[in-house]
Amino acid sequence: MKKTAHTVIREGNVYTIAAVNNRVLEVADYNTENGASVRLWSYEGQPWQQWKFVEAGENEWRIVNCFTDKAMDLALGGNANGTWVHQWASTPGKSQRWVVEELDNGRVKLRNVLTQKVIDLKDMSIENGAQAQIWNDVDGENQTWRIDLVPAKQIKTVSQVPAPAPVQAAPKPTRIQTGKGSRAKKAAGKAARRAK
C-alpha cells in the first residue's frame, strides 16, 4: 500500500479515474484489442470504465482495465506531446508505468515513467469522447484526476456484462433471372430438345 496526503491506492481494489466534470477514463467502445484508445466518457458503472493499479516498481503503477485486463500504454511507445494513451497487453516497459502525484486539492496527476509527461485530454476537452494523450505538465485542469474507489457491490464481473448486440449484415440483393443467363440458356436448350 502506498499513501499520499489524500489518495490511498491498494493493489487489488478497483477505481475510477475522473476528470474535473466527473466523466471518467474508459476503453473506447469496450474494445478488447491491443491499441484500443482510452477516452473520457460519462460514468455508467461499467468494467471498461474501471481500473486496477498494479505495482510496477517503487512508487510506480501499471494501470490495468478491469474489462480487458490490458494496461494503459503510449501509442507506439511515443514520447511526443499528443501521443495517444491506449491499452496494450501488460509488458515490463516504461511506457506502461505511471507515477501518481498528489495535488493539494485531493486530485492527482498521472505521470508516465518513460516520458515524464502527464495524462492530458486532447484539445483540453472534457466532453464525452475526448481522447487521452500525454503532454508536458502545464498545470492545466485537463491534466488533473480524481481516483475514486469503486465499492465492491458496484463492481461487475465480465460475465455480468451483457454481450453487445451483433451487427446485422445488410441482406444481399436477390438476383432475378432475365433470360440472358446460363440457367435461361439451359432451360431454352431443354425446351428445344423436347420440342424435337
Side-chain angles (χ1 to χ4, degrees), residues 1-32 36-54 59-75 81-88 96-112 115 117-158 160-162 164:
M1 174 179 78
K2 309 252 188 321
K3 184 170 182 175
T4 56
H6 302 97
T7 306
V8 176
I9 296 174
R10 289 189 175 92
E11 197 166 9
N13 284 346
V14 172
Y15 299 90
T16 57
I17 302 171
V20 293
N21 62 352
N22 296 321
R23 291 187 171 117
V24 300
L25 292 178
E26 70 166 17
V27 173
D29 302 318
Y30 42 85
N31 187 334
T32 59
S37 70
V38 174
R39 68 178 182 191
L40 199 66
W41 204 265
S42 300
Y43 186 56
E44 300 167 345
Q46 299 297 341
W48 52 85
Q49 299 179 312
Q50 298 170 349
W51 304 87
K52 298 175 279 189
F53 286 73
V54 179
N59 295 318
E60 296 175 4
W61 299 96
R62 190 170 286 107
I63 305 173
V64 177
N65 188 264
C66 292
F67 184 68
T68 66
D69 207 35
K70 292 183 175 168
M72 277 191 199
D73 185 43
L74 302 180
N81 281 341
T83 297
W84 281 21
V85 177
H86 67 180
Q87 71 172 1
W88 203 267
Q96 292 188 355
R97 288 158 48 193
W98 305 88
V99 174
V100 178
E101 295 181 358
E102 191 76 31
L103 302 174
D104 291 338
N105 59 4
R107 300 185 66 76
V108 301
K109 291 184 180 181
L110 298 171
R111 188 174 303 278
N112 183 262
T115 66
K117 294 179 178 171
V118 296
I119 294 183
D120 174 279
L121 294 168
K122 186 175 187 306
D123 298 326
M124 297 185 290
S125 174
I126 53 172
E127 298 306 313
N128 280 345
Q131 174 64 45
Q133 63 182 10
I134 56 167
W135 202 269
N136 289 334
D137 186 348
V138 295
D139 287 323
E141 269 197 337
N142 63 314
Q143 297 181 335
T144 69
W145 306 93
R146 192 182 69 245
I147 298 175
D148 293 323
L149 178 68
V150 178
K153 64 183 178 183
Q154 293 178 14
I155 298 171
K156 293 180 184 176
T157 63
V158 173
Q160 292 172 311
V161 177

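Just so it is clear, the model here is predicted, and its values are computed rather than measured.
Remark: the backbone N or O of Ala18 is paired with a side-chain donor or acceptor of Arg107 at under 3.5 angstrom. In this structure, the side chain of Asn59 does not engage the main chain of Val99 through any donor-acceptor pair within 3.5 Å. A donor-acceptor contact shorter than 3.5 Å is absent between the side chain of Asn128 and the backbone of Ala130. Side chain of Trp51 to backbone of Leu25: a donor-acceptor contact under 3.5 angstrom is found. Side chain of Asp123 to backbone of Ser125: no donor-acceptor contact under 3.5 angstrom is found. A distance-only check finds a donor-acceptor pair linking the side chain of Gln49 to the backbone of Ser42 [under 3.5 Å]. Within the 3.5 Å criterion, the main-chain N or O of Pro47 finds no donor-acceptor partner in the side chain of Tyr30. Checking side-chain atoms of Gln87 against main-chain N and O of Ser37 turns up no donor-acceptor pair under 3.5 Å. A donor-acceptor contact shorter than 3.5 Å is absent between the side chain of Asp120 and the backbone of Trp135. In this structure, the side chain of Gln50 does not engage the main chain of Phe67 through any donor-acceptor pair within 3.5 Å.
Contact annotation: the side chain of Glu127 never approaches that of Leu40 to less than 4.5 Å [non-hydrogen atoms, C-beta and beyond]. Between Met72 and Ile119, the closest side-chain pair of non-hydrogen atoms falls below 4.5 Å. No side-chain heavy atom of Asn136 sits less than 4.5 Å from a side-chain heavy atom of Gln143. Counting heavy atoms from C-beta outward, Arg39 and Trp84 have side chains that stay 4.5 Å or more apart. When side chains are defined from C-beta on, Trp48 does not count as touching Thr68, because their heavy atoms never get closer than 4.5 Å.
The minimum heavy-atom distance between Ala132 and Leu121, with the atom names listed, is CA-CD2, 4.2 Å.
Atom CZ in Arg146 sits 11.5 Å away from atom CD1 in Ile17 (nearest 0.5 Å). Summarising the geometry, atom CG belonging to Leu103 is positioned 12.5 Å from atom CH2 belonging to Trp145; distances are rounded to the nearest 0.5 Å. Between Asn112 atom CG and Trp98 atom CH2 the span is 4.0 Å, to the nearest 0.5 Å. To the nearest 0.5 Å, the span separating CG on Asp137 from CZ on Arg111 amounts to 4.5 Å. In this structure, the separation between CG on Asn31 and CD on Glu26 is 11.0 Å, given to the nearest 0.5 Å. The CZ atom of Phe53 lies 4.5 Å from the CD1 atom of Ile9; values are rounded to the nearest 0.5 Å.
Each of Leu110, Thr115, Asn81, Val118 was checked for a side-chain contact (heavy atoms from CB on, under 4.5 Å) with Ile134, and the lone residue meeting it is Thr115.
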Worked verdict on Val150 versus Tyr43 for side-chain contact (heavy atoms from CB on, under 4.5 Å): CA-CA 12 Å; Val150 178; Tyr43 186 56; 4.1 Å; yes

Verdict with supporting geometry, Glu101 and Val108, side-chain contact (heavy atoms from CB on, under 4.5 Å): CA-CA 5 Å; Glu101 295 181 358; Val108 301; 5.9 Å; no

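Heavy-atom contacts from other residues, nucleotides or ligands closer than 6.0 Å to NZ of Lys109 number more than 12.
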